[in-house]
Amino acid sequence: MLTLEKRPQPSQFWSYAAPLVAVVLTMIAGAALFATLGTPPIEALSKIFWEPLFGKFNFFYLPQLLVKGAPLVAIALGLSLGFKAGIWNIGAEGQYIIGALCGAAVGLAFYPMEARWLIFPLMLIAGAFGGFAWAMIPGILRVKFNTNEILVSLMLVYVAEQLLASMALGLMKNPEGMGFPGSRNLSQYASSSSWIDQGYGMHWGVVIALIAVIFAYILFSKHILGFQIKLAGQAPRAAAFSGVNPTRLVLFCLGTSGALAGLAGLTEVSGPSGLVSIDFNVGYGFTAIIVAFLGRLNPIGILLAGGLMALTYIGGDVAQSSLGLPGAAIQVFQGMLLFFLLAVDVLTNYRVRMARGATA
Amino acid sequence: MFGSIDPILLLASLMVAATPILLAAIGELVVERAGVLNLGVEGMMISGSVLGFVAAISTGNPWIGFLAAAVGGAGMALVFGILTQFLLSNQVATGLALTLFGLGLASLIGQGYLGVRAPAFPDWHIPLLGDIPVIGPIVFQHDPMVYVGLTIVAGVWWFLQKSRAGLVLRAVGENHEAAHALGYHVVRTRLLAIMFGGACAGLGGAYLSIVRVPTYADGLTAGAGWIALAIVVFASWKPLRLLLGAYLFGGVTVLQLNLQAAGLPLLSVLPWILVATGVIMALYKIALHRSISKSSAKAIGVTFGIAALVYFYGWMGWSFNDALWLSASPYIATIVVLVIMSAGGAPGSLGKTFHASR
């Protein structure tokens with residue numbers, strides 16, 4: 001009979017190999033899923049993972065990789081801070097929406113003034129602040145009332161969605177939009193567009209995501225705060241004795257992840273999506289949870305995982321248009337990826353042993 | 001104050017509105033009493049709603065739909081169980097994975113069934129009891145699933161408090177090391193609890209798609225699974241208090257729908273609802289503990305403060321978006337409840353991974 005034996009130290013090899021094995025297993029299970037749906041499995045997989053990177057139209061898809069990957073990476077980096085410390089912010093989607101709304105409000109308020117040097121930085125500040133403030137609600141409630149931050153941050157996603165709907169149809173509606181729902185197009189208004197070069201998929205969200213990767217890397221490898229975050233997650237009692245301030249840690253982790261999600265939302269709404277509409281958010285806040293775990297809560301890992309997840313979004317679209325693969329199949333695919341990762345991860349912390357006779 | 005709203009109808013629809021959350025929450029309560037935190041309730045619920053709906057449509061029999069939903073929910077929960085109990089994965093992460101997976105799966109299966117109407121599931125008019133004036137229409141004229149839900153709650157209460165197996169389950173949840181040392185099967189107990197929780201969540205989801213809505217749409221559950229998790233905290237992990245929590249929540253939902261339909265200005269009602277909430281909470285705390293802890297006193301104070309602010313805002317005649325705040329009210333109410341009820345009482349081993357090293 002097989003039993004598990006706890007490793008004295010987590011395995012280095014498996015902590016790198018587990019995500020790769022999980023991806024391979026997901027591809028196999030995904031192929032089975034696609035076959036059940038009546039799509040040729042190998043062709044579907046090649047449409048998802050090969051076509052956007054090396055296919056004939058990759059000049060069109062590669063910029064999309066930046067566009068879709070940037071918000072995922074930025075949000076996942078923020079989430080990883082908290083996840084490491086056992087602080088579960090799963091309402092990034094709400095912080096993303098509120099950041100976008102606050103930033104867009106600034107941009108729309110200044111329309112049609114031409115002063116990019118003033119307006120765009122103000123929008124960035126407003127976006128970061130919006131996400132930060134929205135994440136502070138679960139943060140302060142946890143610190144002051146010991147309220148569960150998982151449930152509060154998630155409830156606030158639904159509140160944010162209601163707020164977004166009301167804004168897109170009400171206050172922020174385009175007065176010249178001939179009755180169509182949605183705001184003015186921020187990406188076409190020179191002072192508020194987050195595009196740097198649309199042809200390459202470069203916008204300020206990409207820049208912010210890359211800067212965040214560098215900062216997160218330095219935080220975890222060089223800074224005492226990064227050490228405290230890891231300590232609080234792995235050994236809460238030791239952290240308490242060594243003088244880690246839990247209040248500060250909760251507020252820092254939630255606030256930072258909220259601000260990053262808010263920035264991601266703002267750069268999305270003023271760039272790729274262009275305008276505040278009811279459904280401009282497509283669930284990056286939730287997919288980023290998968291990205292954070294797939295990247296092992298490590299900044300470089302998250303960068304790679306974000307790229308891979310962006311690829312599944314783009315490839316999913318390709319497979320949808322060319323093979324008729326339902327869009328929801330990609331969502332199932334992404335969910336399976338997290339399942340397999342969590343399953344394979346057992347090998348990082350445990351060793352499989354043959355046990356004779358004795359039962360656990 | 002509520003003008004055209006009929007209180008009997010309101011209370012009657014409250015029981016229906018509370019049922020899906022009640023079902024999901026009672027399942028999760030058993031899971032958490034066994035020491036497992038399954039955050040996948042939302043995913044299991046929406047999968048149950050689509051599976052139940054499809055089964056009910058293709059057989060024409062809603063009961064088969066409920067059965068399929070329960071089996072499907074339990075199956076999804078089994079995946080969670082295998083991952084957390086045998087492969088020792090983190091329960092929070094695995095629960096989130098279950099929710100993300102379930103949402104995708106539901107919209108994949110449900111895409112061919114959008115806009116279809118579920119087969120009729122007629123109300124029971126219970127003879128004699130149903131004829132009692134006032135109480136009859138409120139309590140005894142509902143569809144059978146309302147009573148199935150109440151029966152499950154009563155059954156869980158009996159199981160946890162009066163049966164030996166329930167005692168073992170609670171022991172496993174309070175201290176899995178000790179339970180293991182006494183020779184109880186921690187993993188087996190937890191797996192069964194997890195599957196029961198999944199079946200209940202599936203039933204709750206199917207109740208939404210077959211009875212309450214009654215059709216399937218993407219995102220149909222709209223956070224009901226998460227609210228169920230919050231209600232378990234609210235109930236301090238006790239079945240009978242869970243009933244109260246689910247009905248309170250059902251009340252908020254029904255009230256906001258009625259207020260939206262009646263077109264009453266929310267600002268004139270909201271301060272009083274908040275004041276009533278604060279008073280109820282204070283009385284509830286006193287009834288439970290004969291005193292109010294400092295943190296709950298603070299929370300109740302904050303509730304009164306917000307009531308005063310809202311009253312002031314309305315008094316000033318500033319603009320206010322009724323539809324927005326009414327639609328958001330169930331979620332905000334959940335947060336308020338979580339803040340006021342952040343009391344202890346959680347099972348000792350909740351959320352911790354169990355690995356029998358010896």
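Residue numbers start from 1 in every chain, and the chains themselves are labelled A, B, ... in the order their sequence lines are given, proteins ahead of strands. Both backbone and side-chain heavy atoms feed into the values below; hydrogens, waters and symmetry mates do not.
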Asker: Sort A:Leu342 into side chain, backbone, both or neither according to what part of it lies under 4.5 angstrom from a heavy atom of chain B.
Answerer: both
Asker: For the candidates B:Ser89, B:Ala93, B:Ala230, B:Pro330, which exhibits the highest count of non-hydrogen atom pairs separated by less than 4.5 Å from chain A?
Answerer: B:Ala93
Asker: Could you look at A:Leu154 and say if it's the side chain, the backbone, both or neither that has a heavy atom under 4.5 Å from chain B?
Answerer: side chain
Asker: Hey, can you tell me if A:Phe34 and A:Phe333 have their rings parallel, tilted or perpendicular (30° and 60° cut-offs)?
Answerer: parallel
Asker: Determine the interplanar angle of the A:Tyr96 and A:Tyr284 rings, folded into 0 to 90°, and report it as parallel if under 30°, tilted if 30 to 60°, perpendicular if over 60°.
Answerer: perpendicular
Asker: Hey, is the main chain of A:Ile150 close enough, under 3.5 Å, to the side chain of A:Arg142 for a donor-acceptor pair?
Answerer: no
Asker: Counting heavy-atom pairs under 4.5 Å to chain A, which of B:Leu105, B:Leu103, B:Leu98, B:Ile332 comes out on top?
Answerer: B:Leu98
Asker: If you tally heavy-atom pairs under 4.5 Å against chain A, which of B:Leu87, B:Ile227, B:Leu96, B:Asn90 wins?
Answerer: B:Leu87
Asker: Do B:Thr84 and B:Gln91 get their side chains close enough for a donor-acceptor pair, meaning under 3.5 Å?
Answerer: no
Asker: Tell me if a side-chain donor or acceptor on B:Glu28 pairs with a main-chain N or O of B:Asn38 at a distance below 3.5 Å.
Answerer: yes
Asker: Report which part of A:Phe286 has an atom under 4.5 Å of a heavy atom belonging to chain B: side chain, backbone, both, or neither.
Answerer: both
Asker: Go through the atoms of B:Leu83 and report whether side chain, backbone, both or neither lie under 4.5 Å from a heavy atom of chain A.
Answerer: side chain
Asker: Any donor-acceptor pair under 3.5 Å linking the side chain of B:His355 with the backbone of A:Leu4?
Answerer: yes
Asker: Measure B:Thr94 against the heavy atoms of chain A and call it side chain, backbone, both or neither at under 4.5 Å.
Answerer: both
Asker: Using modelled atom types and a 3.5 Å cut-off, is there a donor and acceptor pairing between side-chain atoms of A:Glu149 and backbone atoms of A:Trp88?
Answerer: yes
Asker: I'd like to know whether CG of A:Leu171 has more than 12 heavy-atom contacts from other residues, nucleotides or ligands below 6.0 angstrom.
Answerer: no
Asker: Heavy-atom distance under 4.5 Å to chain B: side chain of A:Phe83, backbone, both or neither?
Answerer: neither
Asker: Using the side chain to side chain contact (heavy atoms under 4.5 Å, CB included) rule, take B:Tyr216 and B:Ile109 through it: C-alpha gap first, then chi angles, then the decisive distance, then the call.
Answerer: CA-CA 11 Å; B:Tyr216 174 78; B:Ile109 298 175; over 6 Å; no
Asker: At a heavy-atom distance under 4.5 Å, which candidate from B:Leu100, B:Thr334, B:Val92 has the highest pair count against chain A?
Answerer: B:Val92
Asker: Is it the backbone or the side chain of A:Ile289 that comes under 4.5 Å from a heavy atom of chain B, or both, or neither?
Answerer: side chain
Asker: Which of the residues A:Thr287, A:Leu347, A:Leu338, A:Asn349 is involved in the greatest number of heavy-atom pairs with chain B at under 4.5 angstrom?
Answerer: A:Leu338
Asker: For the pair A:Gln334 (side chain) and A:Gln331 (backbone), establish whether a donor and an acceptor sit closer than 3.5 Å, ignoring hydrogens and angles.
Answerer: no
Asker: Just verifying a value: how many Å separate A:Leu156 CG and A:Leu151 CG, rounded to the nearest 0.5 Å?
Answerer: 11.0 Å
Asker: Can you say whether B:Leu39 sits under 4.5 Å from chain A via the side chain, the backbone, both, or neither, judging by heavy atoms?
Answerer: side chain
Asker: Looking at B:Gly43, B:Gly104, B:Gly102, which one has more heavy-atom pairs under 4.5 Å with chain A than the rest?
Answerer: B:Gly104
Asker: If I measure from the heavy atoms of chain B, does A:Leu33 come under 4.5 Å with its side chain, its backbone, both, or neither?
Answerer: side chain
Asker: Does any heavy atom of chain B fall under 4.5 Å from the side chain of A:Ile330, the backbone, both, or neither of them?
Answerer: neither
Asker: Tell me, side chain or backbone of A:Leu37 under 4.5 Å from chain B's heavy atoms, or both, or neither?
Answerer: side chain
Asker: For B:Phe80, is it the side chain, the backbone, both, or neither that has a heavy atom closer than 4.5 Å to a heavy atom of chain A?
Answerer: neither
Asker: Quick one: does any side-chain atom of B:Thr253 pair with a main-chain N or O of B:Ala17 as donor and acceptor, under 3.5 Å?
Answerer: no
Asker: With a 4.5 angstrom heavy-atom cut-off, is it the side chain or the backbone of B:Val187 that approaches chain A, or both, or neither?
Answerer: neither
